[in-house]
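Here's the structure we're looking at; comments come further down.
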Amino acid sequence: MRLEALARSALREALQALEISVPDDIPIERPARPEHGDLSTRIAFLLAREARRSPPELASALAARLEGRPEFRSVQAVGGFVNFALRPSALHDVLRAVLAEGVAYGRGEEGRGKTVQVEFVSSNPTGPLTIGHLRQAALGDVLASLYAELGWTCVREYYLNDEGRQMELLAQSLWARYRQALGVQEPIPEGGYHGEYLVAIGEELARSWGEAYPIWDERARAAFRTEAVSRMMAMIHEDLEAIGVRFDVWTREGDLHRRGLVAQALERLRASGAVYEKDGALWLAGTHHGLSRDVVLVRSDGTPTYTMVDIAYHLEKHARGFDLVVDVQGADHVDEQRQVALALRLLGIPEGFLRYCLHQFVTLKGEEGIQRMSTRAGRFLRLKDLVAEVGRDVARYFMVMRKPESHLVFDFALARDTSMENPVYYVQYAHTRIASLFREAAKAGELPDDLPAVDLAPLTDPRELALIKELDRFPDVVKSAAHEFAPHLLCEYLESLSGLFHPYYAHVRVLGQGRATPARLALLAGVKLVLGRGLAILGVSAPEEM
RNA sequence: GCGCCCGUAGCUCAGAGGAUAGAGCGCUGGCCUGCGGAGCCAGAGGACGCAGGUUCAAAUCCUGCCGGGCGUACCA
């Protein structure tokens, strides 16, 4: 049995024996200080009032009931806390279970038969992906993997805004570059895209199309739009490839229009009575429902706004039958999220269907200080180039090692120059050292045939027991990381597990130690297994050699 | 002005009501005749932005300030 479950079921029995009603959730903590035991509970504080006893009294009564049970070495009341010290055999049982489960250890059942869609990146196809998109790419990909670990079927989806004014500006900017390549002084349009990446494409088009498009007319617009989108998509695919992210579904804004979904959504909104007309435009009455302003859904020229299309898109997601939709978006989308969420609520979509993972932006710290990215101004670091510089593992890990809602300063120089000193390698190195140990064990003929069957009794060193306790946490970490949209918890966990392993390995010899050898190999097999699983979820490699 | 996010070690950040606040980097000093030194051991470094409040217990929850980021478009 998992350790927390062990303490919970014991406490449940003790509470029943004392005729105190058992709460649904019995909190179990892992004390920071060893003298407080392996597990502890503050339940006495919570039930004191109801039980009409002071927390210390209640804690003592519980401890007295539990003292002497075989799974605990001791159960002590300290203040109002009840502290449990586990017997090594209870920990050995945990390790045995980990080894028996193998790669399935940590997987959950909650998502069985359920499907979650994770929408992320969804960058406009107006240029390559930048370090700004990297956080989102890593975050979304890892969230999807976390949910997959909990048994959900995951769909990774990219929403492609291939319509609207930005695409118009992009096409015209490309046309300008094409004209420039032909020797004409054509300026980049107002609000257009100045990035170097359009120059090369413009030159190429000048070579293949010659003087075919001397003026910016409908014909040029159509040609350059199509060309621009496909070129940008190619670049985006390259960037995603570099970071190792694959999408299952690409949804184009244009398709939503063509399938009549925007018009349908509009009808539903009208029918709901949540919209009104003013100044020739159609508005969503946001202020009636707690928003800070009303929102235009259809402009006075009859075209739907981005928000309108987004609402239609999310209705379509619902129609597709997902049990949960997770949108990963930057902090600039807060208002947009509220608006879409409100529209869905007004249309009767259940509250829990759509959840947003909102993240703050990445600022890049480089030679010229801290800089904001801007695709439009052509000032950005391309994702592919960053990955080439620091490697996929480091790039991905750095982006999820902080909680999404915290601002992240990416110190490019540090990631590159001191890459040997960074936490990714610390974790990977732990995995590698164990892999190497197993190679040595095999050479020496000391590798047991059946690790889960090994006698674990020799594992009595506090460091060994601490490692097992840490292994026990893994499934909970996966669960929290997924539910709270907090992949950084997994990073922290892996660093903590590695931080227990390295000192242990530096001080304890494994091979040639008689009965202790197979037991220690079994322990380290468990550590390697969990490190490997954790890294896999992060999309970071778990090397056998470095 | 209003809304959301963030103020914790020199730097980058964990800590989501519990017991003496942690990690990595950087800094100081040690450890390579055994399984990988990308490692280990030790040390210096903190009024948790400020002020109130709730609680047996607050870095954590509430309120108000002060800083910083983002938003506040008939842009996407």
Side-chain angles (χ1 to χ4, degrees), chain A residues 27 29 31-33 35-36 40-42 45 48-49 54-56 78-81 83 122-124 126 161 163-167 169 191 253 278-283 291-293 295-301 303-307 309-310 330-338 358-361 363 365 372 398 401-411 414 418-426 428-430 432-441 443-444 446 480 484 486 488-489 491-492 495-496 498-499 501-513 517 520 524 545-546:
Chain A
E29 276 102 41
R33 317 194 68 76
E35 62 269 30
H36 295 146
S40 90
T41 182
R42 57 191 154 87
F45 290 103
R49 189 183 302 262
S54 73
V78 180
F81 295 97
N83 296 334
S122 296
S123 160
N124 292 346
T126 56
N161 266 135
E163 302 277 323
R165 216 171 75 84
Q166 295 308 313
M167 294 317 301
L169 283 167
E253 181 186 350
K278 191 183 90 184
D279 303 333
L282 189 75
W283 298 71
L291 262 50
S292 54
R293 65 184 178 91
V295 183
V296 172
L297 297 177
V298 182
R299 301 184 185 92
S300 48
D301 67 1
T303 59
T305 58
Y306 173 87
T307 304
V309 181
D310 207 12
D332 55 341
H333 277 68
V334 204
D335 282 3
E336 169 69 16
Q337 295 174 2
R338 302 240 166 114
L358 184 124
H359 67 87
Q360 295 295 326
F361 291 114
T363 41
K365 193 170 147 202
R372 284 304 312 273
F398 268 54
M401 70 193 278
R402 307 300 181 207
K403 58 183 174 195
E405 62 270 33
S406 92
H407 301 266
L408 192 150
V409 176
F410 190 85
D411 189 333
L414 189 79
T418 68
S419 59
M420 290 309 169
E421 295 294 339
N422 81 45
V424 193
Y425 293 102
Y426 189 71
Q428 289 182 318
Y429 185 50
T432 302
R433 287 178 99 180
I434 300 174
S436 172
L437 171 67
F438 274 82
R439 287 193 294 270
E440 291 301 315
K443 249 186 269 173
E446 296 199 66
S480 303
E484 295 165 35
H488 73 284
L489 295 176
C491 297
E492 205 174 89
E495 288 167 41
S496 160
S498 305
F501 162 74
H502 284 301
Y504 170 67
Y505 195 56
H507 292 285
V508 175
R509 177 137 183 101
V510 175
L511 300 181
Q513 305 299 305
T517 292
R520 288 175 184 165
L524 296 182
E545 296 175 46
M546 286 170 77

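We name chains A, B, ... by the order of the sequence lines, and we start the count at 1 in each one.
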Which nucleotide in the list B:rA19, B:rC35, B:rA38 gets nearest to the side chain of A:Met546? B:rA38

Taking only the side-chain nitrogens and oxygens of A:Lys443, find out if one of them lies under 4.0 Å from OP1 or OP2 of B:rC35. no

Closest approach of A:Met167 to A:Asn161 (non-hydrogen atoms, all atoms of both residues): SD-O, 3.6 Å

Within this structure, what is the NE2-to-P distance between A:His407 and B:rU8, rounded to whole angstrom? 12 Å

Closest to the A:Val510 side chain, choosing from B:rC35, B:rC74, B:rG69: B:rC35

If you check every side-chain atom of A:Asn124, which of B:rC35, B:rA76, B:rG15 has the closest atom? B:rA76

Any donor-acceptor pair under 3.5 Å from A:Thr517 side chain to A:Gln513 backbone: yes

Using atom P in both nucleotides, what's the gap between B:rC5 and B:rU60 to the nearest angstrom? 16 Å

Qualifying residues under ring pair (Phe, Tyr, Trp, His ring centres under 6.0 Å), relative to A:His407, sequence neighbours excluded: none

Considering only heavy side-chain atoms of A:His333, the closest of B:rA76, B:rA19, B:rA38 is B:rA76

Backbone N/O of A:Gln428 and side chain of A:Thr432: donor-acceptor pair under 3.5 Å: yes

What are the atom names and distances for every N/O pair under 3.5 Å that joins the protein to nucleotides 40-43 of chain B?
from	atom 1	to	atom 2	distance (Å)
B:rC40	OP1	A:Tyr426	OH	2.7
B:rC40	O2'	A:His507	NE2	2.7

Distance, P atom - from B:rA51 to B:rA59, rounded to whole angstrom: 13 Å

Under 3.5 Å side-chain donor-acceptor pair for A:Ser406 and A:Gln360: no

Just how far, in rounded Å, is P of B:rG34 from OH of A:Tyr505? 13 Å

Could you state the CG-C1' distance from A:Asp335 to B:rU72, rounded to the nearest angstrom? 6 Å

How long is the line joining CG of A:Leu408 and P of B:rG7, in whole Å? 13 Å

Can the ring centres of A:Tyr425 and A:Tyr429 be said to be less than 6.0 Å apart? no

Please give, in whole Å, the distance from B:rA19 C1' to A:Asn83 CG? 9 Å

Taking N and O atoms by type only, does the side chain of A:Ser300 place a donor or acceptor under 3.5 Å from a partner on the base of B:rC74? yes

Looking at B:rG36, B:rG7, B:rC74, which one has an atom nearest to any side-chain atom of A:Trp283? B:rC74

Would you say B:rG15 has OP1 or OP2 under 4.0 Å from some side-chain N or O of A:His488? yes

Taking the C1' atom in each of B:rC6 and B:rA42, what is the distance between them to the nearest angstrom? 35 Å

In whole angstrom, give me the gap between the P atoms of B:rG53 and B:rU8. 24 Å

Report the distance from atom CZ of A:Phe361 to atom P of B:rC4, rounded to the nearest whole Å. 17 Å

Distance between C1' atoms of B:rU20 and B:rC48 (Å, rounded): 15 Å

Quickly work out the A:Gln428 CD to B:rG36 C1' distance and round it to whole Å. 15 Å

Say we look at B:rA21 and B:rA9: how far apart would their P atoms be, to the nearest angstrom? 15 Å

Taken to the nearest whole Å, CZ/A:Arg293 to C1'/B:rG1 is 16 Å

Spell out, as yes or no, whether a donor-acceptor pair under 3.5 Å connects the side chain of A:Thr305 to the backbone of A:Leu297. yes

Separation between the C1' atoms of B:rU54 and B:rC62, rounded to whole Å: 7 Å

Using a cut-off of less than 4.0 Å, is there contact between a side-chain N or O of A:Arg299 and OP1 or OP2 of B:rC75? yes

Base of B:rA19 paired with side chain of A:Ser40 (donor-acceptor, under 3.5 Å): yes

Treating a pair as Watson-Crick (purine N1 to pyrimidine N3 plus N6-O4 or O6-N4) or G-U wobble (N1-O2 and O6-N3) with both distances under 3.5 Å, list the stems of 3 or more consecutive pairs that involve RNA chain B. B:1-7 with B:66-72, B:10-13 with B:22-25, B:27-31 with B:39-43, B:49-53 with B:61-65

Taking the P atom in each of B:rG39 and B:rG1, what is the distance between them to the nearest angstrom? 49 Å

Looking only at B:rA76, B:rG18, B:rC6, the nucleotide nearest the A:Glu405 side chain is B:rC6

